[in-house]
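Data block below; observations after.
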Amino acid sequence: MLQRALGSGWGILLPGVVITGLAFTDLSLAAWKAMVVSGLLLTSLMLYHKQLRHFVLLPSCVALASGIMLVMIKVSRG
């Protein structure tokens, strides 16, 4: 029952933890852009797959969090 209640929460928490870990590795702007593009492409591909459709929050959250990190890096560099 707990897994059902937290079903959508894991789709946001897991990529958030991964992106937070990657934020400390000091990736380049090109790497962050590639993560955004790959997350968006995986999201669109997963929407059409019958079994993977249930996990569509994982790549979309990676794309969102990577985009936020990209904006934060751009703002901090001026």
hydrophobic_cluster_shared for I19 and L29, side chain cutoff 4.5 Å: yes
When you group the ILVMFWY residues by side-chain heavy-atom contacts below 4.5 Å and let the links chain together, are I73 and V18 in the same group? yes
Taking distance alone, no hydrogens or angles, what donor-acceptor pairs closer than 3.5 Å link side-chain atoms of residues 62-72 to residues at least two apart or in another chain?
unit_1	atom_1	unit_2	atom_2	d
S66	OG	V62	O	2.7

Examine V17 and L14 and state if one hydrophobic cluster contains both, with Ile, Leu, Val, Met, Phe, Trp and Tyr joined whenever side-chain heavy atoms are less than 4.5 Å apart. no
Please find the pair of heavy atoms, one from A31 and one from L27, that lie closest to each other, and give the distance. CB-CB, 4.0 Å
Counting only N and O atoms by type, is there a donor-acceptor contact under 3.5 Å from the side chain of S60 to the main-chain atoms of T43? no
If you define the side chain from C-beta out and look only at heavy atoms, does anything of F24 sit under 4.5 Å from T20? yes
Connected to L41, directly or through other members, by ILVMFWY side-chain contacts below 4.5 Å are V37
In terms of heavy-atom contacts, L22 and M35 come closest through CD1-CE, 3.4 Å
Shared ILVMFWY cluster between L42 and L58, side chains joined below 4.5 angstrom? no
Between L57 and F55, is there a shared hydrophobic cluster once you connect ILVMFWY residues whose side-chain heavy atoms come closer than 4.5 Å? no
